[in-house]
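First up is the structure itself, then whatever we jot down about it.
This is a predicted model, so every value here is computed, not measured. Order of the sequence lines sets the chain letters (A, B, ...), proteins ahead of strands, with each chain counted from 1.
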Amino acid sequence: MTHSTPDSEKTSFTLVITGAPYSSQAPQTALSFAKATVAAGHTIDRVFLYGDGVHLASALVTAPSDETHWPKQWAAFLEEHEVPGVACIASALRRGLVDSHEQKRYQLGANNLLAPFAIAGLGEWVEGSIKSTRTIYFHAGA
Amino acid sequence: MTHSTPDSEKTSFTLVITGAPYSSQAPQTALSFAKATVAAGHTIDRVFLYGDGVHLASALVTAPSDETHWPKQWAAFLEEHEVPGVACIASALRRGLVDSHEQKRYQLGANNLLAPFAIAGLGEWVEGSIKSTRTIYFHAGA
Amino acid sequence: MNQLHTLHILNKTPDHPRFSECLGTLGPDDAVALTENGVLGLVASKALGLVQTYALESDLSARGLSDDNLEAATIDYSELVNLTLQAERVISW
Amino acid sequence: MNQLHTLHILNKTPDHPRFSECLGTLGPDDAVALTENGVLGLVASKALGLVQTYALESDLSARGLSDDNLEAATIDYSELVNLTLQAERVISW
Amino acid sequence: MGMLIIIDQPPYGTWAGREALDMAFALAAFDQPTSLLFTGAGVNWLRKAQDTADIEQKSLEKNLAAAPIFGIEAILADRTACQRYNLNSEAMIDGVQLTNASADLLGQYSQTAFAG
Amino acid sequence: MGMLIIIDQPPYGTWAGREALDMAFALAAFDQPTSLLFTGAGVNWLRKAQDTADIEQKSLEKNLAAAPIFGIEAILADRTACQRYNLNSEAMIDGVQLTNASADLLGQYSQTAFAG
């Protein structure tokens with residue numbers, strides 16, 4: 001859990017989003033930050049969705065036609081830059097966000113996880129906070 | 001929009017829930033209030049979910065085995081007492097909550113609305129706030 | 001009949017801006033019903049006690065405050081329902 | 001190399017309890033980056049200005065504050081990324 | 001009488017105020033007498049020249065400007081909150097009435113609600 | 001060094017503190033040195049005799065009691081916040097160290113995080 005200095009060979013980030021889209025500004029602030037990160041030549045190791053942030057990975061969001069569709073914007077960014085996007089499994093299950101695996105496991109009527117997001121445990125966050133140069137949190141404001 | 005006094009013939013409530021389960025205590029406080037309302041012989045005209053409160057109507061929530069499943073608890077209450085439960089359509093679409101009708105309309109891969117909840121516009125809330133003796137709001141705390 | 005002018009249902013901690021907004025609009029014939037985290041106002045807020053104050057027993061118990069000597073009448077949900085009908089209007093903060 | 005000890009990213013309004021919690025933990029070599037509603041601290045908080053303060057230009061503009069004579073250096077996201085790397089640690093409030 | 005919708009959160013950082021505005025517009029659409037009260041940090045909705053291009057959200061200043069057209073009776077702002085946020089009349093959009101968020105004010109409305 | 005997880009919201013009203021505790025337990029499970037700091041209204045987590053039967057939530061007092069077993073190094077509480085919430089040592093659960101949430105304290109940790 002030691003930090004590299006900025007002049008180290010490879011500077012990398014883990015981004016953690018805990019605020020939901022269309023409720024907080026967190027996902028959009030995080031996306032602007034993420035774009036600036038890759039534009040500066042840094043690596044994003046992983047984007048981790050926690051708490052209400054898991055709603056960003058919903059495949060069923062329909063944004064009004066004159067509003068930005070934040071889940072799709074994020075999904076496109078993750079695909080373009082091959083960044084893993086992970087929703088915390090405990091947060092996701094409680095909030096009704098499931099992939100096909102969890103759908104079967106809990107015998108639910110549907111799944112609603114937007115690709116390329118995946119569902120995984122807090123270990124992914126722990127790993128990010130150990131290995132990345134910086135872990136930056138994007139919480140809901142107020 | 002005038003209020004009846006408590007001794008009027010029929011005393012009725014509209015309940016509005018704006019806080020999400022597993023994020024705020026609002027749905028559980030509202031359910032305790034609703035149970036006390038019917039126990040006292042009053043009528044609940046309608047339960048209206050607004051903002052983050054629409055997540056209460058998710059059919060895909062999986063609660064940990066040692067935690068209460070608030071969407072199912074609420075659904076059972078609505079069915080037992082034949083109370084309409086309505087999620088605001090604008091709030092619901094933005095937050096990824098859709099019924100089969102909206103699924104078709106927006107060509108989405110699934111639907112996730114828990115019966116007996118329905119999706120409708122703010123007009124349902126306006127009607128409630130006009131006709132019910134009292135409209136009580138349950139917001140997320142902090 | 002309606003001695004209670006406005007019932008203020010307050011579920012925010014005393015540190016939340018809406019807690020003080022609520023206190024700033026209390027009239028002499030109003031009452032406050034503390035619910036959820038709002039019951040913490042009984043151990044931290046000095047401005048309560050100017051009007052009739054109620055607190056939900058279940059929320060006090062959950063937060064370890066049920067045995068304290070607090071300046072509020074403890075109520076259950078049935079009494080909260082009654083209060084909303086006795087008041088001319090109800091505001092949920 | 002690391003003159004900046006801790007960068008505090010603050011996105012809450014000055015009325016939010018976490019705003020004052022943040023201000024209470026500022027050290028002399030720290031800096032504050034105001035984002036989202038945090039930029040409103042520049043028109044309402046008297047406690048800012050004790051440490052180096054930055055504010056996101058896009059959030060200032062959205063809130064009609066970009067032309068004001070504010071006590072903060074305006075930054076874009078690229079500069080915010082740099083600040084997170086210059087600091088020894090980053091705390092998001 | 002009529003209904004008072006209160007907005008006490010600033011624009012853009014959260015959706016609560018936006019959804020409160022939708023409630024007010026819905027009431028007005030059903031011909032219910034409706035007013036808006038901005039208080040606390042919510043008074044920052046009333047600042048002129050909001051430029052939201054870079055945060056990719058709709059300008060709420062424009063949304064709010066439509067309030068009289070939709071039939072909202074009054075746009076009220078708490079005087080103390082405006083002072084706290086250094087919002088003087090020059091910086092404020094047109095059509096706002098300064099007032100005090102008080103028991104007297106709330107007593108003029110049959111119902112009062114927040115969006116969240 | 002190590003990681004400091006801060007809880008500044010009371011239990012039960014929101015899930016933020018609960019999810020912060022899960023973060024701390026996860027770090028400890030991966031053998032990362034981890035401490036918890038309760039500050040602001042969050043110190044109300046530390047009050048004894050929480051009886052949650054009537055609100056149908058798990059007792060977080062019991063969850064927190066497991067912290068040392070899971071390998072959390074220290075449970076810290078801000079002294080000023082405890083005073084504000086009238087939480088004296090008799091009313092407090094065992095094993096809590098009083099401290100001041102200050103630049104010096106935060107400077108002892110390589111990373112500091114909230115759950116939301």
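Within residues 49-82 of chain A, the residues having any heavy atom under 4.5 Å from a heavy atom of chain F are, by residue number, A:Y50, A:G51.
Sequence neighbours left out, the pairs with a member in residues 41-50 of chain A that pass salt bridge (Lys or Arg N to Asp or Glu O under 4.0 Å) are A:R46-A:E124, A:R46-A:E127.
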Hey, can you pull the donor-acceptor pairs under 3.5 Å for the side chains in residues 107-118 of chain A, sequence neighbours left out?
{"unit_1": "A:N111", "atom_1": "ND2", "unit_2": "A:Q103", "atom_2": "OE1", "d": "2.6"}
{"unit_1": "A:N112", "atom_1": "OD1", "unit_2": "A:V98", "atom_2": "N", "d": "2.9"}
{"unit_1": "A:N112", "atom_1": "ND2", "unit_2": "A:G96", "atom_2": "O", "d": "2.9"}

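If you run side-chain hydrogen bond (donor to acceptor under 3.5 Å, both in side chains) between F:Y12 and each of F:Q57, F:K58, F:Q50, only F:Q50 comes through.
In this structure, the side chains of F:M23 and F:L27 stay at 4.5 Å or more apart for every pair of heavy atoms. In this structure the side chain of A:K131 never reaches within 4.5 angstrom of the side chain of A:S12, judged on heavy atoms. Taking 4.5 Å as the limit, some side-chain heavy atom of F:F38 sits within range of a side-chain heavy atom of F:L64.
Using a 4.5 Å cut-off between heavy atoms, A:S24 does not touch chain F at all.
Chosen from F:A26, F:A115, F:A16, the residue pairing most often with chain A at heavy-atom distances under 4.5 Å is F:A115.
F:F114 meets the ring pair (Phe, Tyr, Trp, His ring centres under 6.0 Å) test with D:W93; sequence neighbours excluded.
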